[in-house]
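To keep things clear, I will list the structure first and then write my remarks on it.
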6 protein chains.
Amino acid sequence: MTVRLDEMTSPELDARVKAGPPVVILPTGAFEQHGPHLPLGTDAMIPQRLAERVAAQIDALVAPTLSYGYKSQPKSGGGNHMPGCASLDGATYTLMVRDLICDFARHGLTKIVLFDGHMENQMFLTEAADLSLRALKSEGITDVRIVKMGYWISINAALEKVLFPDGLISWELEHAAVMETSVMLHLAPDLVRRDLIPDHPPADFPLYDVYPFDPASVSHSGALSSAAGATAEKGKAVVETLVPELARQITEAFQNMTV
Amino acid sequence: MTVRLDEMTSPELDARVKAGPPVVILPTGAFEQHGPHLPLGTDAMIPQRLAERVAAQIDALVAPTLSYGYKSQPKSGGGNHMPGCASLDGATYTLMVRDLICDFARHGLTKIVLFDGHMENQMFLTEAADLSLRALKSEGITDVRIVKMGYWISINAALEKVLFPDGLISWELEHAAVMETSVMLHLAPDLVRRDLIPDHPPADFPLYDVYPFDPASVSHSGALSSAAGATAEKGKAVVETLVPELARQITEAFQNMTV
Amino acid sequence: MTVRLDEMTSPELDARVKAGPPVVILPTGAFEQHGPHLPLGTDAMIPQRLAERVAAQIDALVAPTLSYGYKSQPKSGGGNHMPGCASLDGATYTLMVRDLICDFARHGLTKIVLFDGHMENQMFLTEAADLSLRALKSEGITDVRIVKMGYWISINAALEKVLFPDGLISWELEHAAVMETSVMLHLAPDLVRRDLIPDHPPADFPLYDVYPFDPASVSHSGALSSAAGATAEKGKAVVETLVPELARQITEAFQNMTV
Amino acid sequence: MTVRLDEMTSPELDARVKAGPPVVILPTGAFEQHGPHLPLGTDAMIPQRLAERVAAQIDALVAPTLSYGYKSQPKSGGGNHMPGCASLDGATYTLMVRDLICDFARHGLTKIVLFDGHMENQMFLTEAADLSLRALKSEGITDVRIVKMGYWISINAALEKVLFPDGLISWELEHAAVMETSVMLHLAPDLVRRDLIPDHPPADFPLYDVYPFDPASVSHSGALSSAAGATAEKGKAVVETLVPELARQITEAFQNMTV
Amino acid sequence: MTVRLDEMTSPELDARVKAGPPVVILPTGAFEQHGPHLPLGTDAMIPQRLAERVAAQIDALVAPTLSYGYKSQPKSGGGNHMPGCASLDGATYTLMVRDLICDFARHGLTKIVLFDGHMENQMFLTEAADLSLRALKSEGITDVRIVKMGYWISINAALEKVLFPDGLISWELEHAAVMETSVMLHLAPDLVRRDLIPDHPPADFPLYDVYPFDPASVSHSGALSSAAGATAEKGKAVVETLVPELARQITEAFQNMTV
Amino acid sequence: MTVRLDEMTSPELDARVKAGPPVVILPTGAFEQHGPHLPLGTDAMIPQRLAERVAAQIDALVAPTLSYGYKSQPKSGGGNHMPGCASLDGATYTLMVRDLICDFARHGLTKIVLFDGHMENQMFLTEAADLSLRALKSEGITDVRIVKMGYWISINAALEKVLFPDGLISWELEHAAVMETSVMLHLAPDLVRRDLIPDHPPADFPLYDVYPFDPASVSHSGALSSAAGATAEKGKAVVETLVPELARQITEAFQNMTV
């Protein structure tokens, strides 16, 4: 049986809802440059594929992925000016997620996971959750629970040691670097341009942010630090650690609901 | 070489843009009930798969599909109240498409096809096109052309005769009926529940619309007319007729641009 | 006794509401070019005058007409670029209608007909109806019914034969053509420039839409097909057929309300 | 020749614009209770009829009246809770007027008078003017002039003496009182319920405003002070004084434009 | 004990709310030019300082002042184009105040005074009050009362005589003139540039408004009439008259609430 | 000479702008619970006071502080449900900051520092910067630079050692804890309730976020970790380290502008 909501039919979903609302995982990605070696859809592909594995373990469902996200930021994504970014304004993004949460809940899908693959989305997901709960409350729909998580939240010290045997430089500079590249080598090896994996010093940003961003002020390949240490084995380790752990956390998060 | 934008890398796209902007096809779908036999993602799956075939013929690219659309209407989709609908408000939908058109154009992707799989999106796509052109103009970006089409626009009399040898009842009632079911039988046969294909008289609506819609006022299965006449062969005929014809029309539509 | 809401006084309306809410018909028009022979207010004048006749038959009331509408489209109105168009953005239009529906309902006018004279308004009227019902529900006002209709919905085969004895080319190209011109010749003969009634082949559009629209791509007078066959007699036939039929449909549409 | 824009045709307006843009007067009214004796459309009817007289004197044009306005306030209109009010939210009202100013200007109608009949509209008209100028500027349209006036601005001391031989109580309490009633007795005598003209002491409000407004806190008929002194002769004096004076001021206001 | 909300702690405020909600006074100011002699923050400083004095008399609390307001208008503030103005759009201002009223009320602070120091804010405060009551009602929060007042509402005839022994020219032209300058000489003498107090004839505006405003059309110093008559003694008289009177009115306005 | 913009006059600011635009620092705070010992205005007071010290060192100006911010989050501020929070929606906050940046820039103040005291504001400040640059560009104003920084960005390893001689637990849990309490003991000692400084284990949150937040799920005083180690000396060290370092960074950030 599929975990993908869009492959189910209306009566099949209806039956699931009537049997007690299933958890719905909504992968929230981005369309963002990921260096010379990773595809533009990386931030959508990773959470979607992880979500399907997580859902299979806990009998959850995966809603169609949001393929576009909030604007790439220089320090975490290289910047929205780079080729291959297409993003939504903050208000648009918030309304889009708010509308979907509300409509899922109106149809009885009251257990929703915002499963993020793109750091820049985080605060707008928070706002969307708040606005949707307020709107639903005014419609008399109150038994809704929304859980927000990045797929990366369960990367623990052990996994860090696997990924960075010589030590982690900074999670903030891990865009298109060792972790993402490794995961993609495991999940979607055909989409990684192996001969183009960049190896250069980490990007060097000031502590503050400047708008408009001056691309000439920083040197990098689109990856914010070296991805040379990436391997499919590391990616496998990440996926095999994260999937059961995220499944456990989601299960925990929805305990003790009235419905 | 892939036609999917999300499988390309940033430098690959950059090279394409610098060589003269490629046509970008944005499939615009919906998450909407499609009777007992078709999956909820039908309106996204069909335009995405057709877009990939069209793009391959004319060296265009396909952007990640918009999987959620404007609210299903009773007369054309059964209605947003049915299980398995999740939709966006009109303003949200318009802003989402406007933002994407603007950001594509800011990155040099100035030839955009809004390739629709869901009738209810049409006017909001029109508004998004108008608002994005206005915004881009005020940013000094003027050589942009947006083409809007439903994938169905080239279904001609000959194809109608193939689909409905006994005569078409009404295109408006073709939701989840012969045409969509046939196309899905051809494009995604594993997702069609063949044993559940409905066969009943067409839904009988008054000429006006009533809000809130009363589901008890109309009888149907989610399909608005019988899908019993659907076959994979008919679907193949539709796809093989539409793909080259839509390719031809897109090529025509972007002729005579300055860039 | 007047059917025009704006000619009533506050206590008179109060008494009507307390006696059981009357049906309120809101004509929704446009300010749009209508060829060389019809006035710019045609799409507002026709539904207003028909609404007054319909209201008189069923003891309904007519609210002040919305004289401005959504943007004229090339294929149905010639296009908003033409002289004598002034239109509202989609979101503005939706909010305007939403606010009015809500405020009517807050004052007890819970039976509302959106009586349209301009095709381009249709989907934004739909969205306004949905948003107003949602807002009213959150205010605890639930016994509201909104009916949407174009005045043209009851033009049947018999009337088509009267209007187009040689056959109809296409309803889509009937802008400022035989039907509208005939109705204006009957309802407001002084406003029709008879010597300027255009007679030319129908406009020839591609199946897709292009933005920005290139006026040079299509040839027409502002009327999208010939209006030469228009007569006051045909207009009289339309009006005399539509008024009782629309009255009947409105009566039917509001049956079985609790209030 | 008509002064009403909606009675003109597209080519007629085009010719006028090409000959040098005419002044366009946009009457901005309201749908608001006006006591037991005046119709709900009073605030729309007065500016529309005055505008037509003014336009005739200076070869200006009158756009279709905005029949709905911002919410009636207790101290100036009795309050939006009273039967027969239907109003727009502030943002909606502002966007509606902004869109129209912008679209008029895009079509060459760059001399616009916001001709107000409803005090509560004033600040939202101001905001609409500011936002439209900003939007037009970003589209490269800069030679636009917008003039805002209430029709009452030219009521001078002499006219006050005619209207209130025993002295004016307060302009703020003149809602549905001597001035408006007199003008309506002159302009639309059939719409005034003469036997219901109220005569009572002025409403007594605190200096502050309270939300939500408590209707029980103030006693009045819907008119905020006595209308007993109203006569058609006074109305005639107002109209005959205002029309030429407003015509003079509008002419003055548009002097020295480049176009 | 402080009257400033921002100097209290969370448990202190909690205790106050639980003992019966205190009145919260929200000073609403502006950042606006005030001639050559008064600081840009004048419209925020005056209501903040008066609010603290009023609050001390009636055991109310003062929320952090809104330092930015709606756009300065030529006839009441010289105009937003002048150096030292920074203002909010009308919709932004309304949403800001709406959000704060709602959040105060959600935390039990259901007695709110919008205490204005800037005329241009008035209608947007009205709209914010209306929108917040509507939103709160839909959340089930209904026992909220909002009082709107300018600090100037209690300037009576006696005080006018003190301020303008030779007669008042016009309250509308009192921007940065005798009243405000006197109050600042009393409340914040170090911030008044005494040697730069302007003395010139009042600004001479037409009865209508023109957008865009032409600064060359009117001559003034930023003060709209002479401030030469200002003295600290007059300011003291204003403050000592207003504070107890406003305290009395606020007390009166919140009588008879259920909570 | 004051560094506070609101204490300057219009001609004084005009002269500064004409001499070359000064840097304007806009402190962005919040109204948020800060445990039993710190005032609700802490997040506004700290950046305002630091900004004034920084401005004095580099001849910059300080705009009136934004006293209200985005909603307090449980993991970084305890949560917006706690007594003494009043916050703005994300879209409101973004528009407020956007409008101010735009209006400062329109008046020649083109060097703007968003100087943040409240983590939750960060992404909405980013969006405001992006939207304002887009709007200004469309008005033809392009030489604008916006710098965003939290006042905490320059807390380095040495300062960490001073603040946490026994080791830092987590910056995320430092809300109302050692750092903020120390700084307030130095900057505003009278506002710290010393006898109520909390000492308890750090709050223990899951890795994911749940909406609606359940206050019963976490135990803390409003401070997210112990503040027992706070001293005025530590606060002095923070202030004396940060002020010159932030001054240096701001100077650096505005180098190489054309204006």
Side-chain angles (χ1 to χ4, degrees), chain E residues 2 4-17 29 31-42 44-45 63-68 71 78 80-89 91-93 95-96 98-100 102-104 106-109 188 190-191 193 196 221-222, chain F residues 2 4-15 17-18 29 31-42 44-45 63-68 71 78 80-89 91-93 95-96 98-100 102-104 106-109 188 190-191 193 196 221-222:
Chain E
T2 182
R4 291 183 58 145
L5 259 182
D6 63 348
E7 296 186 346
M8 296 176 70
T9 66
S10 175
E12 289 165 7
L13 181 59
D14 194 32
R16 283 295 299 271
V17 170
F31 184 77
E32 186 192 35
Q33 76 83 23
H34 269 75
H37 60 305
L38 292 181
L40 300 170
T42 296
M45 291 170 184
T65 296
L66 294 175
S67 305
Y68 303 92
K71 298 160 197 169
N80 203 51
H81 60 284
M82 297 192 70
C85 291
S87 307
L88 301 173
D89 282 354
T92 305
Y93 189 79
L95 292 175
M96 176 179 73
R98 181 204 65 175
D99 285 4
L100 290 176
C102 285
D103 232 17
F104 283 136
R106 290 183 193 115
H107 289 79
L109 296 166
D190 293 353
L191 295 179
R193 282 65 166 171
L196 297 173
S221 64
Chain F
T2 181
R4 290 183 59 143
L5 260 182
D6 64 348
E7 296 185 347
M8 297 177 70
T9 67
S10 174
E12 289 165 7
L13 180 58
D14 194 32
V17 170
K18 284 182 175 147
F31 184 77
E32 185 193 35
Q33 77 81 24
H34 270 74
H37 61 304
L38 291 182
L40 300 170
T42 296
M45 291 170 184
T65 296
L66 293 175
S67 306
Y68 303 92
K71 298 160 197 170
N80 203 49
H81 61 284
M82 297 192 70
C85 291
S87 306
L88 301 173
D89 282 354
T92 306
Y93 190 78
L95 292 175
M96 178 179 72
R98 180 204 66 175
D99 284 4
L100 290 176
C102 285
D103 232 17
F104 283 136
R106 289 182 193 117
H107 288 80
L109 296 166
D190 293 352
L191 295 179
R193 281 66 165 169
L196 296 174
S221 64

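Residue numbers begin at 1 in each chain, while the letters A, B, ... track the order of the sequences.
Here the shortest heavy-atom pairing between C85(F) and Q33(F) reads SG-N, 3.6 Å. The shortest heavy-atom contact between P83(E) and S10(F) is O-OG, 2.7 Å.
Most heavy-atom pairs under 4.5 Å with chain F: of the set T2(E), T42(E), L95(E), L40(E), this distinction falls to L40(E). Taking L66(E), L5(E), L13(E) one by one and counting their heavy-atom pairs under 4.5 Å with chain F, the maximum is reached by L5(E). In terms of heavy-atom pairs under 4.5 angstrom with chain E, the leader among H37(F), M45(F), H34(F) is M45(F). Put simply, of S67(E), P39(E), G78(E), the one with the most heavy-atom pairs under 4.5 Å next to chain F is P39(E). If you tally non-hydrogen atom pairs under 4.5 Å between each of G41(E), P11(E), P64(E) and chain F, the highest count goes to P64(E). Across H81(E), R106(E), M8(E), K71(E), the residue that shares the most heavy-atom pairs under 4.5 angstrom with chain F is M8(E). Chosen from L191(F), T65(F), L109(F), the residue pairing most often with chain E at heavy-atom distances under 4.5 Å is L191(F).
For L38(F), the part lying near chain E is the backbone, with the side chain staying farther off; criterion is any non-hydrogen pair under 4.5 Å. For chain E, no part of C102(F) is nearby; none of its heavy atoms comes within less than 4.5 Å. For A63(E), the parts lying near chain F are the backbone and the side chain together; criterion is any non-hydrogen pair under 4.5 Å. For chain E, no part of E32(F) is nearby; none of its heavy atoms comes within less than 4.5 Å. Using a 4.5 Å cut-off between heavy atoms, D190(F) makes no contact with chain E at all. For L196(F), no part lies near chain E; criterion is any non-hydrogen pair under 4.5 Å. Residue A44(F) does not touch chain E at all, counting heavy-atom pairs closer than 4.5 Å.
Interatomic distance, CG of L88(F) versus OH of Y93(F), reported as 8.0 Å (0.5 Å rounding).
Scored by the side chain to side chain donor-acceptor pair (under 3.5 Å) test, R4(F) finds D6(F) as partners (sequence neighbours excluded).
Salt-bridge check for R98(E) with D89(F): passed, with a basic side-chain N closer than 4.0 Å to an acidic carboxylate O.
Proximity of a side-chain donor or acceptor of H107(E) to a complementary backbone N or O of M82(F) within less than 3.5 Å is detected.
For the pair T9(F)/P36(E), no side-chain contact is recorded, criterion being any heavy-atom separation below 4.5 Å from C-beta on.
Using the six-membered ring where Trp is involved, F104(E) and Y68(F) have ring planes that are perpendicular, over 60° apart on the 30 and 60° scheme.
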